[in-house]
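To keep things clear, I will list the structure first and then write my remarks on it.
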Amino acid sequence: MADKQVVYVDGSFVGKMDAKVSVFDHGLLYGDGVFEGIRAYNGRVFKLKEHIDRLFNAAKALSLQIPLSKAEMTEVVLESCRKNGIADGYIRLVVTRGFGDLGLSPLKCPKPSIICIAATIALYPPEFYDTGLKVITSTVRRNKATIIDPQVKSLNYLNNILARIEADRVGAPEALMLTEDGLVAECTGDNIFIIKGDEIWTPPIHMGILDGITRSTVIDLAGKNGFKVIEKEFTLFNVITADECFLTGTAAEIIAVTELDGKMIGDGKAGTVTNELLAIFQKYTKENGEDI
Ligand code: PMP
């Protein structure tokens, strides 16, 4: 697929090497744009409506008028999968502010650019799903919602990248980010859950986190399978004293965290609730989605 990969750019499918945007695109110059990371499983695009809705909401927050309807955008994603023979894969959908001048004002950018890349996915190595991740807490606080709301999945990911650099420096696969007040927010590309006794806790959206689609799916599936999920604020102390901890994200799905800042969580292996939820989630992903 790699050689023949075609990428959607502004209405046409072009070869990978010809898929380009202008150096005057404000997505490049200022991180001015929005994006989605979407999964395809078993010939279907998972939670496509939710991803398209989130993209349009993020664009609205930036006063960015997407030049396609939601139905047309849906078709762009499905056609990108078809053209690249993707039945299981990862789709990156991007809307940039488009070509402009060197000033900041979006008024000089008459037409947003739309890019859709359908590719295969590089997952965490399978053994990580048994051993869990050894995560660090970043010194970089998650953006406050009053500055750039983390609900806006924008092309400006520097907040997360700064945290990720700290993780990379010590060889950790993810970094946990806190709010300005020191409460647990989310990781650089994943939401977080902890399990204590018969309760599953996850931070509420209003704390300043991305409204993760995997997070919502897990809350829904856990509830339907008899688990008690509570959206509440909690601290690092609650994480290290939890029975289990796991992260959720489109790429990672559900993955255990077994160590935080050198402190073991639970018995240091992926826990039984985490494994049970992963099995429920994986079954669900194989059976649900928009047909390609
Ligand atoms: N938080 C952040 C900061 C993210 O970038 C992502 C997506 N990679 C998530 C959480 C998980 O969201 P989703 O389940 O919708 O992929």
Side-chain angles (χ1 to χ4, degrees), residues 31 33-41 45-59 61 77 89-95 117 119 121-124 133 135-138 140-145 147-167 172-179 183-194 200 202-222 229 231 245-257 274 277-278 280-282 284-285 288-290:
V34 293
F35 78 101
E36 280 296 319
I38 309 170
R39 278 292 276 276
Y41 294 99
V45 179
F46 187 62
K47 298 280 174 190
L48 183 53
K49 181 184 181 307
E50 286 78 357
H51 283 284
I52 298 286
D53 285 347
R54 189 169 69 181
L55 183 83
F56 275 74
N57 285 339
V77 172
Y90 181 85
I91 302 125
R92 175 58 58 91
L93 190 53
V94 183
V95 184
I117 308 167
I121 181 156
L123 292 167
Y124 283 125
L133 304 179
V135 170
I136 58 144
T137 306
S138 172
V140 180
R141 297 300 209 226
R142 190 72 177 102
N143 279 331
K144 280 173 85 153
I147 299 171
I148 301 177
D149 194 322
Q151 287 195 73
V152 179
K153 200 164 164 56
S154 81
L155 293 182
N156 192 322
Y157 247 50
L158 276 181
N159 180 226
N160 314 54
I161 289 169
L162 288 176
R164 194 55 190 253
I165 288 168
E166 290 189 335
E174 249 295 12
L176 178 59
M177 302 182 78
L178 308 178
T179 64
L183 296 166
V184 172
E186 64 178 335
C187 289
T188 66
D190 301 291
N191 293 111
I192 184 166
F193 288 73
I194 59 172
I200 303 177
T202 195
I205 304 299
H206 69 75
M207 286 181 67
I209 61 169
L210 183 72
D211 189 354
I213 289 167
T214 320
R215 173 187 179 279
S216 306
T217 307
V218 167
I219 291 174
D220 184 41
L221 292 175
V229 187
E231 294 181 65
C245 173
F246 64 83
L247 309 181
T248 62
T250 294
E253 301 185 325
I254 297 175
I255 189 157
V257 175
T274 304
L277 288 173
L278 177 60
I280 292 167
F281 178 80
Q282 286 183 328
Y284 183 78
T285 59
N288 291 276
E290 197 88 26

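Just so it is clear, the structure is predicted and the values come from calculations on it, not from any experiment. Each residue takes its place number in the sequence, starting with 1. Counting starts at 1 for both ligands and their atoms, in listed order.
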Kindly confirm or rule out an N or O of His51 lying under 3.5 angstrom from an N or O of ligand 1. no
Can you name the atoms of ligand 1, numbered from 1 with element, that are less than 4.0 Å from a heavy atom of Gly212? 12 (O), 13 (P), 14 (O), 15 (O)
Identify, by atom number and element, the atoms of ligand 1 in contact range of Thr250, meaning under 4.0 Å from any of its heavy atoms. 13 (P), 14 (O), 15 (O), 16 (O)
For Asn160, the ligand 1 atoms whose distance to one of its heavy atoms is below 4.0 Å: 3 (C)
Would you check the N or O atoms of Asp211, main chain and side chain alike, for any that come under 3.5 Å of an N or O of ligand 1? no
Does a donor on one side chain sit under 3.5 Å from an acceptor on the other, for Thr248 and Glu253? no
Going by distance only, is there an N or O of Arg54 that falls short of 3.5 Å from an N or O of ligand 1? yes
Counting both backbone and side chain atoms, is some N or O of Gly189 under 3.5 Å from an N or O of ligand 1? yes
Say whether Glu166 and Ser138, considering side chains only, have a donor N or O and an acceptor N or O under 3.5 Å apart. yes
Judging by distance only, is a nitrogen or oxygen of Glu186 under 3.5 angstrom from one on ligand 1? yes
Pair Glu186 + Arg142: basic N to acidic O under 4.0 Å: yes
I want to know if ligand 1 touches Cys187 in the polar sense, i.e. an N/O pair below 3.5 angstrom. no
Judged by heavy atoms only, the candidate from Lys47, Arg142, Gln151, Lys153 nearest atom 7 (C) of ligand 1 is Lys153
When you compare ligand 1 with Tyr157, is there at least one nitrogen or oxygen pair between them that comes in under 3.5 angstrom? yes
Close-contact set for ligand 1 against Gly249 heavy atoms, below 4.0 Å: 11 (C), 14 (O), 16 (O)
